[in-house]
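Bear in mind that the values here come from a model prediction, so they are computed numbers and not experimental data. Whatever order the structure lists ligands and atoms in, that order sets their numbers, starting from 1.
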Amino acid sequence: MREIYLDNAATTKTEPEVVEIMNKVMLEDFGNPSSKHKKGVEAEKYVRNAAEIISGIMKTSAKEIVFTSGATESNNMAIFGTVQKRKRYGDHIITSAIEHASVREPFLELEKQGYRVTFVETDNNGVINMDALKAALDDKTILVSIMHVNNETGVIQPLEDIGSTVKSFNKDIIFHVDAVQSFGKLPVRPKKYQADLLSVSAHKFHGPKGAGFLYIKDGTGIEPFIYGGGQQNKMRSGTENTPGIAGLGKASEIAYSDETQMKIQHLSDIRTDFIKSLESIEGVRVNSTASDIFAPHVVSATFKGLRSEVLLHSLEEEGIYISSGSACSSNRPGLSFALSALGLNKTEVESTVRFSFSKYTTEDELKVCIEVLKEKVPFLRQFIRR
Ligand code: PMP
């Protein structure tokens, strides 16, 4: 059956060139980067090369990249590592109300441990309220963690403004950015945002699962999260995942090639048309319309009177894959914070789905999706219990 994959914010198809380099690392260049012989030196080159590619893209330095098992680890490392190192300077930490669970949960855990946590509110587009952020900062604030692009709605945060607000209040406050949904789609420049820490996961831009990195600005004191053999300048012990790291490097290179970036640009256009077509279906409201504050690859839409899971499975029957809310939060009961921030009530949240695109998404696929929706939605509505 024809498959139309519109769940790219959950994960993406691995790039063939990524698989190729990972195969080579596993089958031929399988040495341990810490080994002193030729096999080790060869393996180490992949790690260095990936760090150079990534830092070239972000205009940072290769030694500021620490490879991890993905953004959940990077986010945990950033948050717990900062607090562990800086707790003597203060007990107050700030994040937004709409972060991914891998940021939200560490904050909740730290709250249990006695830290004061502020979840800064957003406006009704989901953009951080700068006045609320300013009001939250105090002389005991040690960490601010704000995501770049939200995984459920695609809203983009004004990181330059946030960074300058935080740093002009106190330059010693650590500013962490979860850039999982932006890396590969938008420019990601930690220095512009005055970010000290920034997390990325490879599988969101056609790299392998279980590989990612944390950018740690030179001179930023954070406590390591994992202790052991002292790899990666003691910041992340454990034999490096060389196939994953090589794949991450290759995926980053491809993601920021001119060819891919042109395709991503094109996504903005097809997204606009897709939104128009969605809105022409009765009882459908798109929650992420404005193209200047929403990323090009996410469309969140509420289908009045339909449960999102029902729609999801009904499209699945036609080989179309979408998400109800976000894949990561669908394991966790409770209302989506990102959607609630947009002003959606419980029923509306439960009727909201996410379509997310990649460079492989075509106009034709989206047209087919719309046709299927036009057929299915009125049909499914007949079965609503009133
Ligand atoms: N942050 C955001 C915004 C995400 O979308 C995700 C993945 N859904 C993560 C963090 C966690 O990434 P991973 O599951 O690869 O660790």
Side-chain angles (χ1 to χ4, degrees), residues 5-14 18 54 66-81 95-109 119 122 126-128 145-157 159 162 176-186 188 190 193 195 197-215 225-226 236 238 241 244-245 247-248 251-252 255 288 294-300 321-332 336-339 341 353-358:
Y5 184 76
L6 301 178
D7 199 12
N8 290 279
T11 198
T12 55
K13 179 167 111 180
T14 317
V18 168
I54 293 161
V66 174
F67 295 105
T68 64
S69 65
T72 297
E73 182 186 328
S74 302
N75 286 341
N76 274 264
M77 180 177 173
I79 296 162
F80 288 111
T95 189
S96 84
I98 62 165
E99 296 296 313
H100 184 263
S102 56
V103 167
R104 188 176 173 82
E105 291 295 324
F107 270 78
L108 290 174
E109 174 55 31
F119 292 97
T122 65
V127 178
I128 298 292
S145 177
I146 305 286
M147 73 199 320
H148 194 179
V149 167
N150 181 269
N151 47 302
E152 291 177 72
T153 65
V155 68
I156 306 170
Q157 298 301 342
L159 293 181
I162 295 170
H176 167 245
V177 173
D178 173 349
V180 170
Q181 293 291 345
S182 58
F183 193 90
K185 283 104 189 171
L186 306 177
V188 172
Y193 320 141
L197 304 166
L198 182 139
S199 307
V200 168
S201 225
H203 70 102
K204 304 287 184 179
F205 54 98
H206 311 288
K209 290 167 185 59
F213 67 85
L214 179 66
Y215 158 81
F225 191 50
I226 295 175
R236 205 276 191 174
N241 168 14
I245 293 170
L248 162 59
S252 306
S288 45
F294 289 98
H297 67 299
V298 183
V299 173
S300 164
Y321 304 105
I322 62 163
S323 160
S324 53
S326 74
C328 339
S329 57
S330 40
N331 306 329
R332 302 180 327 125
S336 149
F337 296 101
L339 296 174
V353 296
R354 177 186 70 185
F355 303 88
S356 52
F357 316 144
S358 81

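Set against the non-hydrogen atoms of M147, the atoms of ligand 1 under 4.0 Å away are 3 (C).
Checked by atom type and distance alone, the side chain of K204 pairs as donor or acceptor with a backbone atom of A9 at under 3.5 Å. Side-chain atoms of S288 come within 3.5 Å of backbone N or O of S300 as a donor-acceptor pair.
Contacts with ligand 1 closer than 4.0 Å are made by heavy atoms of both the backbone and the side chain of A71. At a heavy-atom cutoff of 4.0 Å, ligand 1 is contacted by the side chain of K204 but not by its backbone.
Ring orientation note: the planes of F205 and F183 are tilted relative to one another, at an angle of 30° to 60°. The aromatic rings of Y321 and Y5 are tilted relative to each other, their planes meeting at an angle between 30° and 60°.
Heavy-atom distances between E73 and ligand 1 stay at or above 4.0 Å for every pair.
Closest heavy-atom approach to atom 14 (O) of ligand 1 within the set T72, D178, V103: this belongs to T72.
Residues K209 and T11 have side chains that bring a donor and an acceptor to within less than 3.5 angstrom of each other.
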